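Only a predicted model underlies this, so the values are computations on that prediction, with no experimental measurement involved.
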Amino acid sequence: MSYVYRTHGTCASQIELELEGNIVHNVKFTGGCHGNLQAIPKLVEGLTVEEVEQKIGGIRCGFKDTSCGDQLAKACRAALEAQK
């Protein structure tokens with residue numbers, strides 16, 4: 001299942017991802033810090049939604065209450081819920 005998530009409070013404006021059951025694949029960010037947004041998709045490829053939430057959910061970026069990683073964790077959860 002392909003899913004598009006509009007981010008809130010980050011430089012990246014959108015996250016696209018695919019779920020196979022609860023396994024995360026093919027994460028792509030639109031906007032944001034180029035280096036981080038190349039690394040994050042590689043690090044979460046093949047993880048479950050729960051693993052992504054555990055590893056990067058709640059991470060903050062500077063003074064912001066969220067980060068691209070945190071938004072990805074939220075996007076994964078939203079995709080899983082939409083799949084039900």
Leu19 to Leu17 - nearest heavy-atom pair and separation: CG-CD1, 3.9 Å
Residues Glu51, Lys55: salt bridge by 4.0 Å N-O rule: no
Determine whether Val27 and Val44 make a side-chain contact, defined as any pair of heavy atoms from C-beta on separated by less than 4.5 Å. yes
With a 4.5 Å cut-off on side-chain heavy atoms, are Ile23 and Leu47 touching? no
ILVMFWY cluster, Val49 and Leu43 together (side-chain gap under 4.5 Å): no
Looking only at side chains, do Gln71 and Thr66 share a donor and an acceptor under 3.5 Å apart? yes
Could you check Leu72 against Cys68 for side-chain contact (heavy atoms from CB on, under 4.5 Å), going step by step and ending with a plain yes or no? CA-CA 6 Å; Leu72 176 56; Cys68 289; over 6 Å; no
Treating His8 as the side-chain partner and Arg6 as the backbone partner, does any N or O pair qualify as donor plus acceptor under 3.5 Å? yes
Run the numbers on Val52 and Arg77 for side-chain contact (heavy atoms from CB on, under 4.5 Å), then give the verdict. CA-CA 9 Å; Val52 172; Arg77 175 56 56 184; over 6 Å; no
In terms of heavy-atom contacts, Leu80 and Gly21 come closest through CD1-O, 3.8 Å
Arg60 and Asp65 ion-paired at < 4.0 Å: yes
Check Gly69 against Ile40 and note the closest heavy-atom contact, atom names and distance. N-CD1, 4.2 Å
Do any N or O atoms from the side chain of Asn26 and from the backbone of Glu18 form a donor-acceptor pair under 3.5 angstrom? no
Looking only at heavy atoms, what is the nearest atom pair of Ala12 and Leu37, with distance? CB-CD1, 4.2 Å
Pair Lys74, Tyr5 - check side-chain contact (heavy atoms from CB on, under 4.5 Å), show working. CA-CA 9 Å; Lys74 291 177 179 176; Tyr5 181 83; 3.7 Å; yes
Residue list, side chain to side chain donor-acceptor pair (under 3.5 Å) with Glu45, at least two apart or on another chain: His25
Counting distance only, does the side-chain N/O of Thr7 pair as donor-acceptor with the main-chain N or O of Thr10 below 3.5 Å? no
How far apart are the closest heavy atoms of Gly9 and Lys64, and which atoms are they? O-CD, 3.3 Å
Can you confirm whether Glu81 is buried at CD, in the sense that more than 12 heavy atoms of other residues, nucleotides or ligands lie under 6.0 Å from that atom? yes
Quick check: does any side chain N or O of Ser67 sit under 3.5 Å from a backbone N or O of Ile59, one acting as donor and the other as acceptor? yes
